Number of protein chains: 2
Amino acid sequence: MRRSTLEEVAALAGVSKMTASRALRGASDVAHDTRERVRKAAEKLSYVGNRLALSLSSQRTNLVAVVVPSMSNTVFPEVLSGINAGLVGSGMQAVFGISDYDEEKEREIIRDMLSWQPSAIIVTGLDQPDDTVAMLKSAGIPIIQLMDLDGTPVDFNVGLSHGEAGRDMAVALLAAGRRKIAYVGSALEKDLRAVKRMTAFAGVLAAQGLSFVAEQVDDGFSSIARGKRLTARLLASNPDIDCIYYSNDDMAAGGLFCCMEMGIPVPSQIVLAGFNGLDLTEALPAPIATSKSPRRAMGEAAARLITDIMRNASETGPKTIVFKPPITGLRTV
Amino acid sequence: MRRSTLEEVAALAGVSKMTASRALRGASDVAHDTRERVRKAAEKLSYVGNRLALSLSSQRTNLVAVVVPSMSNTVFPEVLSGINAGLVGSGMQAVFGISDYDEEKEREIIRDMLSWQPSAIIVTGLDQPDDTVAMLKSAGIPIIQLMDLDGTPVDFNVGLSHGEAGRDMAVALLAAGRRKIAYVGSALEKDLRAVKRMTAFAGVLAAQGLSFVAEQVDDGFSSIARGKRLTARLLASNPDIDCIYYSNDDMAAGGLFCCMEMGIPVPSQIVLAGFNGLDLTEALPAPIATSKSPRRAMGEAAARLITDIMRNASETGPKTIVFKPPITGLRTV
DNA sequence: CCTGATAACGGTACCGGTATCGGTAACATG
DNA sequence: CATGTTACCGATACCGGTACCGTTATCAGG
């Protein structure tokens with residue numbers, strides 16, 4: 001059972017390939033009943049157009065390549081659905097690739113994506129190595145670097161400053177009277193944005209003559225279970241801390257569960273702070289502070305930016321779209 | 001800055017298009033230094049092959065289309081990364097589409113996916129309407145229906161029986177001595193698999209002369225916050241229940257948080273049961289029962305099934321791969 | 001010296017569509 | 001009646017690769 005082609009549809013309708021093509025695309029210059037005949041023929045053969053041929057011929061794919069580092073965390077799926085949502089009705093289609101937080105892999109995924117001749121590409125962060133950047137540039141399409149603003153963008157840039165987010169959180173926690181602050185994170189060599197938040201946070205502490213009183217870091221990926229485990233380890237050796245800054249909300253939630261089991265009141269005795277503003281944080285039985293990053297909105301913004309660019313490549317809008325995550329879950333004095 | 005083509009690479013290397021093609025694909029019948037010249041030329045022009053042309057010409061895309069209903073839940077991203085993982089090294093590439101739990105949308109997404117001439121397609125569940133099934137069949141490629149086994153598969157089928165999962169959980173909860181059982185769910189008209197679990201669960205109750213003592217259902221999508229809210233509503237009018245079966249773990253986790261805030265001991269006074277076996281459930285401060293569905297493994301199995309089929313279309317392996325989710329978080333007597 | 005095998009490469013015909021340019025028929029217009 | 005115009009439709013040339021077959025040069029063997 002072979003796939004039927006336009007040629008076969010045309011033959012069945014008794015017209016030429018060209019006319020069939022026009023009829024199905026709803027172009028003008030086709031008589032009404034001819035169009036109907038073609039439609040019927042297509043229906044009968046359950047014809048599905050071949051986009052390979054279409055795109056090769058018309059020299060545009062309407063494809064948006066998206067490369068994200070992971071899918072196991074909930075944040076990137078949310079970004080992806082934002083992108084998807086922002087693309088509906090534009091005739092564009094997103095295709096995803098996962099780099100597993102690996103530069104090598106990312107380069108290969110990007111190469112692979114580019115071979116599909118996408119009309120635009122979205123990559124995560126702006127810390128790609130030079131050769132990857134070169135490859136991106138040579139594709140001659142709009143490049144959008146998403147999620148992060150701390151660095152020099154190649155082309156377009158949509159995201160938030162993780163440095164600023166870290167600083168803001170540090171300031172807020174200090175303002176809330178916390179001084180004995182510890183850090184809990186994971187996979188720091190992979191998650192560069194978490195590192196940016198942490199170092200910026202530490203910078204604020206240093207300016208006050210403070211520093212993290214303790215750190216617990218391991219090299220697995222962040223998860224609730226790992227946050228719980230690392231927090232337990234931390235508290236075993238440092239029972240007198242009054243605040244923990246986590247690499248993200250998953251870890252912080254695990255931390256909260258640890259505290260609850262140990263009977264430590266949160267946030268009165270220890271304030272927990274994460275990053276992302278996951279929906280989870282709004283339902284937890286005790287508040288954890290977090291920077292609410294607009295993941296869906298960033299995805300949508302990137303998508304919209306692309307559709308705008310496609311509409312009129314001439315008048316260029318802003319090259320950078322800045323988001324600022326508000327801090328929630330922290331009762332400031 | 002236009003993309004360079006194979007023709008240009010060939011010209012630069014001083015050979016024909018064909019030879020360049022052979023050289024880059026590592027085929028034999030190319031002299032060693034010719035191959036090197038071509039490689040250098042390709043490098044110099046930072047040549048990236050055009051997969052549209054490749055696939056159109058060679059009549060195979062090595063694309064696996066995947067259609068999932070959602071991305072906001074954590075379960076489908078996990079399935080996707082399973083698929084991705086199972087596909088690495090096979091030369092196949094997964095492309096994703098999101099149907100938003102909407103049959104109409106699903107049909108359009110599938111049509112769209114098929115237009116890319118994928119080598120195989122994975123869809124979620126086996127409750128597609130007839131016209132969608134017809135379209136799938138007419139594509140003439142392997143079709144894999146994933147996640148669910150309760151129904152008649154079109155072609156291949158990988159998943160678990162949600163009916164059985166619901167029944168097993170009911171049996172287990174009854175064995176644990178629970179009798180006043182309530183149900184909390186959401187978006188039931190969308191999530192058919194949750195319905196299958198619930199009705200099967202109710203069937204077991206009915207066989208014992210029991211039924212749900214109360215139900216709380218609304219039509220938003222499941223989330224922790226919604227689970228918390230619905231549980232609060234449920235307990236307000238039914239304070240004497242001893243068990244709640246949820247449509248999934250997100251809802252159940254929300255329920256747990258509700259109970260904790262109300263000071264209700266879990267699981268001694270009320271046992272909470274969900275579905276999925278999210279990582280979250282292993283870190284919560286009180287246990288919730290759940291059927292641990294192997295999401296990643298199912299994705300990987302589907303991917304592996306496809307690569308197997310591609311390798312030798314002749315000898316057909318099993319058409320169905322069955323997973324059985326174990327129940328965790330429940331101390332049976 | 002002729003033959004045949006082998007290695008290396010090129011030419012041509014596709015793959016399934018769309019762009020572009022023409023062509024034809026029917027009808028209005030001067 | 002000649003001449004535009006308009007509405008439809010078809011032929012042809014691509015798009016950028018690969019499949020397939022053919023060609024050429026080189027060299028060993030009889």
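Not measured: the values here are computed from a predicted model. A note on names: the letters A, B, ... follow the listed sequences, proteins ahead of strands, and every chain is numbered from 1.
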Q. Should A:Gln59 be listed as having a side-chain N or O under 4.0 Å from OP1 or OP2 of D:dC14?
A. no
**Q.** Integer-rounded Å distance: C:dG16 C1' and B:Leu52 CG
**A.** 12 Å
Q. Any donor-acceptor pair under 3.5 Å linking the side chain of B:Arg3 with the backbone of A:Ala139?
A. yes
Q | Donor-acceptor contact below 3.5 Å, side chain B:Arg37 vs main chain B:Ala13 | A | yes
Q | side chain to side chain donor-acceptor pair (under 3.5 Å) evaluation trace for A:Glu103 with A:Gln128 | A | CA-CA 7 Å; A:Glu103 283 191 350; A:Gln128 288 78 20; over 6 Å; no
(Q) Using the side-chain heavy atoms of B:Arg22, tell me which of these nucleotides is nearest: C:dT18, C:dG16, D:dC21. (A) D:dC21
Q. Taking for each residue the nucleotide of DNA chain D bearing the nearest heavy atom, is the 5' side occupied by A:Ser57 or by A:His32?
A. A:His32
Q.
Classify A:Asn50 by what it touches in the nucleic acid, base, sugar-phosphate, or nothing, heavy-atom distance under 4.0 Å.
A. sugar-phosphate
Q) Looking at residues 10-18 of chain A, who's got a heavy atom less than 4.0 Å off DNA chain D? A) A:Val15, A:Ser16, A:Met18
Q. Would one find a side-chain N or O of A:Thr19 under 4.0 angstrom from OP1 or OP2 of D:dG10?
A. yes
Q) For the pair made of CH2 in A:Trp116 and C1' in D:dG16, what is the distance, rounded to whole Å? A) 14 Å
(Q) OP1 or OP2 of D:dG17 versus the side-chain N and O atoms of B:Ser58: is any pair under 4.0 Å? (A) no
Q: Could you tell me whether A:Arg35 and A:Asp29 have a side-chain N and a carboxylate O separated by less than 4.0 Å?
A: no
(Q) Any salt bridge linking B:Lys319 with B:Asp155? Criterion: basic side-chain nitrogen under 4.0 Å from a carboxylate oxygen. (A) yes
Q: Would you mind reading off the distance between B:Glu36 atom CD and C:dC9 atom P, rounded to a whole angstrom?
A: 13 Å
**Q.** Quiz item: B:Arg25 side-chain donor-acceptor pair to D:dG17 base, under 3.5 Å
**A.** no
Q. Rounded to the Å, how far apart are A:Gln117 CD and D:dC15 C1'?
A. 10 Å
Q. A:Arg51 near the nucleic acid: base, sugar-phosphate alone, or nothing, with a heavy-atom cut-off under 4.0 Å?
A. nothing
Q: Identify whether the distance between the nearest side-chain nitrogen and carboxylate oxygen of B:Glu43 and B:Lys40 falls below 4.0 Å.
A: no
Q) Does C:dG16 have OP1 or OP2 sitting under 4.0 Å from an N or O in the side chain of A:Tyr47? A) no
Q: Identify whether the distance between the nearest side-chain nitrogen and carboxylate oxygen of B:Arg111 and B:Glu108 falls below 4.0 Å.
A: yes
Q | Side-chain N,O (A:Arg3) to OP1/OP2 (C:dC15) below 4.0 Å | A | no
Q) Measuring from B:Arg51:CZ to A:Thr61:OG1, what's the distance to the nearest 0.5 Å? A) 13.5 Å
(Q) Within the 4.0 Å heavy-atom criterion, would you say B:Arg60 contacts the bases, only the backbone, or no part of the nucleic acid? (A) sugar-phosphate
Q. Given C:dC9, D:dC9, D:dG17, which nucleotide is nearest the side-chain atoms of B:Asp29?
A. C:dC9
Q: Can you tell me the distance, in whole Å, between the CG atom of B:Leu54 and the P atom of C:dG16?
A: 15 Å
Q) NA contact type, A:Ser55, heavy-atom cut-off 4.0 Å: base, sugar-phosphate, or nothing? A) nothing
Q.
Quick check for you: among C:dT18, D:dG17, D:dG16, whose closest atom lies nearest to any side-chain atom of A:Leu6?
A. C:dT18
